[in-house]
Amino acid sequence: MKLPKDFYTRPDVVQIAQELLGKYLYTAVDGMLTGGMIVETEAYSGENDRACHAHMNRRTARTEIMYHEGGVAYVYLVYGIYNLFNIITNVEGKADAVLIRAIEPEVGTEEMLLRRNMPTIKSNLTAGPGVMSIALGINRKHYGENLTGNTIWLEDKGIRIPEAEMMTVPRVGIDYAGDDALLPWRFYIKGNKWVSKK
DNA sequence: TAAATGATGTCCT
DNA sequence: GGACATCATTTAA
């Protein structure tokens, strides 16, 4: 079942980030279906989070979409090289987002290997926000894409991650955010080989 | 095996 | 000019 729009418009971005574990992310780019189960996420909140690009109503052409109503994609270029895929949540005017950091490949693995220029499947095929976007064919053309449409979407297959397998730790790569770097807003499935390794 | 490094668009000071 | 929600490759130990 495709996740409905009202899944994304709820106010608690941290809770949504947790619930996204075990959901499935699919893309249909260039006529190729690729996707798999989400195994790692991070929450970013416009309010009270210095790690968020839109902290304190910082509004630029790049972050504009974060103020949109939940249920659209925020694709952003880091280090001039990698496209990171985020899901916008909450209502219009609230700049909350969930970064999808890793998935477990399910369909379209041949196409993912081609895009990654890899000969065989290894655990780093989709482990990490930069390489995952490459494997799924996500780029800045998908900035603002509606996640209830037919290009990028999420599905609920009824999988529930047991409490004991859901790990909660501080986010990575945001040391510049001061005390906010310590917020336990990174979530992943314990023991899953497709989680990006530290 | 660990640490340094290069690539480089967008935003900030 | 410097920093950044990264990753692959090279260099050092």
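Every chain is numbered from 1, with letters handed out A, B, ... down the list of sequences.
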- prompt: How far does CD1 of A/I87 sit from CG of A/L3, to the nearest 0.5 angstrom?
  reply: 8.0 Å

query: In dot-bracket form, how is DNA chain C paired, counting a Watson-Crick or G-U wobble pair only if both its distances are under 3.5 Å and using | for bases paired to another strand?
result: ||||.|||||||.

field: Value in whole Å for how far the C1' atom of C/dT6 lies from CZ of A/F85
entry: 18 Å

message: Just to verify, what does A/H68 make a side chain to side chain contact (heavy atoms under 4.5 Å, CB included) with, not counting sequence neighbours?
response: A/I65, A/V72

message: Test: salt bridge (Lys or Arg N to Asp or Glu O under 4.0 Å). Region: residues 94-120 of chain A. Which pairs qualify, not counting sequence neighbours?
response: A/E40-A/R101, A/E42-A/R101, A/E47-A/K94, A/E106-A/K157, A/E111-A/R115

- request: Supply the atom-to-atom distance A/Y24 OH to A/L154 CG, rounded to the nearest 0.5 angstrom.
  value: 12.0 Å

Positions of residues 97-116 of chain A (non-hydrogen atom under 4.0 Å from DNA chain B), listed by number: none

task: Indicate if A/Y74 and A/Y79 have the same hydrophobic cluster label, given that clusters are the connected sets of ILVMFWY residues with side-chain heavy-atom separations under 4.5 angstrom.
output: yes

query: If you look only at pairs with a residue in residues 161-182 of chain A, which of them pass as a salt bridge (Lys or Arg N to Asp or Glu O under 4.0 Å), with sequence neighbours excluded?
result: A/D49-A/R171

- request: Between protein and nucleotides 6-13 of chain B, map the contacts as a letter string: B base, S sugar-phosphate only, - none, heavy atoms under 4.0 Å, written 5' to 3'.
  value: -BBBSSS-

Separation between CG of A/L99 and CG of A/L20, rounded to the nearest 0.5 Å: 11.0 Å

statement: Within residues 43-51 of chain A, those residues having any heavy atom closer than 4.0 Å to DNA chain C are A/Y44, A/A51

message: Just to verify, what does A/N57 make a side chain to side chain contact (heavy atoms under 4.5 Å, CB included) with, not counting sequence neighbours?
response: A/Y67

- prompt: A/K197 NZ to C/dA8 C1': how many Å, rounded?
  reply: 12 Å

- prompt: Over how many whole Å does the gap from A/D175 atom CG to C/dT6 atom P extend?
  reply: 10 Å

field: Pairwise P distance, B/dT5 and C/dA13 [rounded to whole Å]
entry: 12 Å

task: Write out all pairs satisfying salt bridge (Lys or Arg N to Asp or Glu O under 4.0 Å) with one or both partners inside residues 132-144 of chain A, taking only residues at least two apart or from two chains.
output: none

query: Which residues pass the side chain to side chain contact (heavy atoms under 4.5 Å, CB included) test with A/R10, sequence neighbours left out?
result: A/F7, A/Q15, A/I16, A/E19

- line: Applying ring-ring contact (aromatic ring centres under 6.0 Å, His included) to A/H53 and not counting sequence neighbours gives A/Y76

query: So with a 6.0 Å cut-off around CG of A/N48, is the heavy-atom count from everything else above 12?
result: no

Can you give me every donor-acceptor pair (side chain of residues 117-135 of chain A, partner residue at least two apart or in another chain, under 3.5 Å) with its distance?
residue, atom, partner, partner atom, Å
A/T126, OG1, A/I103, O, 2.7
A/S133, OG, A/N83, O, 2.6
A/S133, OG, A/P129, O, 3.1

field: Atom-to-atom span, CE of A/M132 to C1' of C/dC7 - whole angstrom
entry: 14 Å

